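In this text the structure is predicted, and so the values were computed from the model without any measurement. In this chain, residues are counted from 1 in sequence order.
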Amino acid sequence: MASLTFLQMQTRLNDRISGYGNLTFPDARKKYYLNDGYVEFARISHILWKQSTITIAVDDALYAFPTATGGASVNKIWRATWDGKVLPVKSTAWMDKYIGTGWRDTKTADIQYVLTDSEDRSQIRIYPMIDLIGDITGKTFYVEYSYLPSDMSSDSDTCALPAPYDHAPIEYAVSMCLEDAVQSKQNPMMGDRALQNFWRYVGAARTEVHLGKFGDSTAHVTPPVR
């Protein structure tokens, strides 16, 4: 089953909301509600994944989010390897607490940790920086991460969510539209029902991701420092 195009999603949204008092909304509003639901679903479920190789340079800790069609920003890095060694994925808060001040400027011969930098979600940070070119030569830095998709704009754009999760943004948009409607045409009850459907899709996607991607991951588990 192929995922829906943006035009197909708009058509299904129009079919859903036309049954409630022949409601009409500006096309631009319907499109951004669909995109809001699209990105929100990816953010919560982590259903969209990519794998990339990043070229490490001397004296450089920050690296741009790998560019790929349809990807807007890193959601979370779940696995990283350097020269075949699996690197623990840490948060900026963890680094501040356990490594202490000044860790951003540390240089050495080997990478120990990787994180999505909290100051800029479009960048990936390594710790420590490599200070000699000889310690980089012949080595590969590899990351697997969930990501947030770029907004759909053209009618021919295809939703990156796997089918049938591509119906979730439609439910989200239905909910937002029915909440927006005014006076007698407002239908918050049916909007809430559509939002429940959205969360039903989220639950199914999170279960799939948990079982298939990081069911055994310890990315969020921090062992005690001795």
Visitor: Side chain to side chain contact (heavy atoms under 4.5 Å, CB included) between Leu87 and Gln112: does it pass, once the steps are laid out?
Guide: CA-CA 6 Å; Leu87 300 174; Gln112 298 178 26; 5.8 Å; no

Visitor: Any salt bridge between Lys31 and Asp151, counting N to O under 4.0 Å?
Guide: no

Visitor: Please give me the minimum heavy-atom distance between Asn14 and Lys30, naming the atom from each residue.
Guide: OD1-NZ, 2.7 Å

Visitor: Decide whether Tyr142 and Trp78 are clustered together by the hydrophobic rule: side chain heavy atoms of Ile, Leu, Val, Met, Phe, Trp, Tyr closer than 4.5 Å, transitively.
Guide: no

Visitor: Same cluster or not: Trp199 versus Leu13, using hydrophobic residues (I, L, V, M, F, W, Y) connected whenever any side-chain heavy atoms lie under 4.5 Å apart?
Guide: yes

Visitor: Would you give the length of the straight line joining atom NE2 of His46 to atom CD of Glu208, rounded to the nearest 0.5 angstrom?
Guide: 14.0 Å

Visitor: Side-chain heavy atoms under 4.5 angstrom apart, residues restricted to Ile, Leu, Val, Met, Phe, Trp, Tyr: same cluster for Trp82 and Leu132?
Guide: no

Visitor: Could you go through residues 166-177 and list every donor-acceptor pair under 3.5 Å that involves a side-chain atom there, pairing it with any protein atom two or more places apart or in another chain?
Guide:
from: Asp166; atom 1: OD2; to: Leu4; atom 2: N; distance (Å): 2.6
from: His167; atom 1: ND1; to: Pro164; atom 2: O; distance (Å): 3.3
from: His167; atom 1: NE2; to: Arg12; atom 2: NH1; distance (Å): 3.1
from: Glu171; atom 1: OE1; to: Arg16; atom 2: NH1; distance (Å): 3.3
from: Glu171; atom 1: OE1; to: Arg16; atom 2: NH2; distance (Å): 3.3
from: Glu171; atom 1: OE1; to: Asn197; atom 2: ND2; distance (Å): 3.3
from: Glu171; atom 1: OE2; to: Arg16; atom 2: NH1; distance (Å): 2.7
from: Ser175; atom 1: OG; to: Gly191; atom 2: O; distance (Å): 3.0

Visitor: Between Trp94 and Tyr113, is the gap from one ring center to the other below 6.0 Å?
Guide: yes

Visitor: What pairs with Tyr165 under ring-ring contact (aromatic ring centres under 6.0 Å, His included), at least two apart in sequence or on another chain?
Guide: Phe41

Visitor: With respect to Phe141, which candidate in Ile54, Ile136, Asp83 satisfies the side-chain contact (heavy atoms from CB on, under 4.5 Å) definition?
Guide: Ile54

Visitor: Going by side-chain contact (heavy atoms from CB on, under 4.5 Å), name the residues that satisfy it together with Ser73, two or more places apart in sequence or in a different chain.
Guide: Leu148

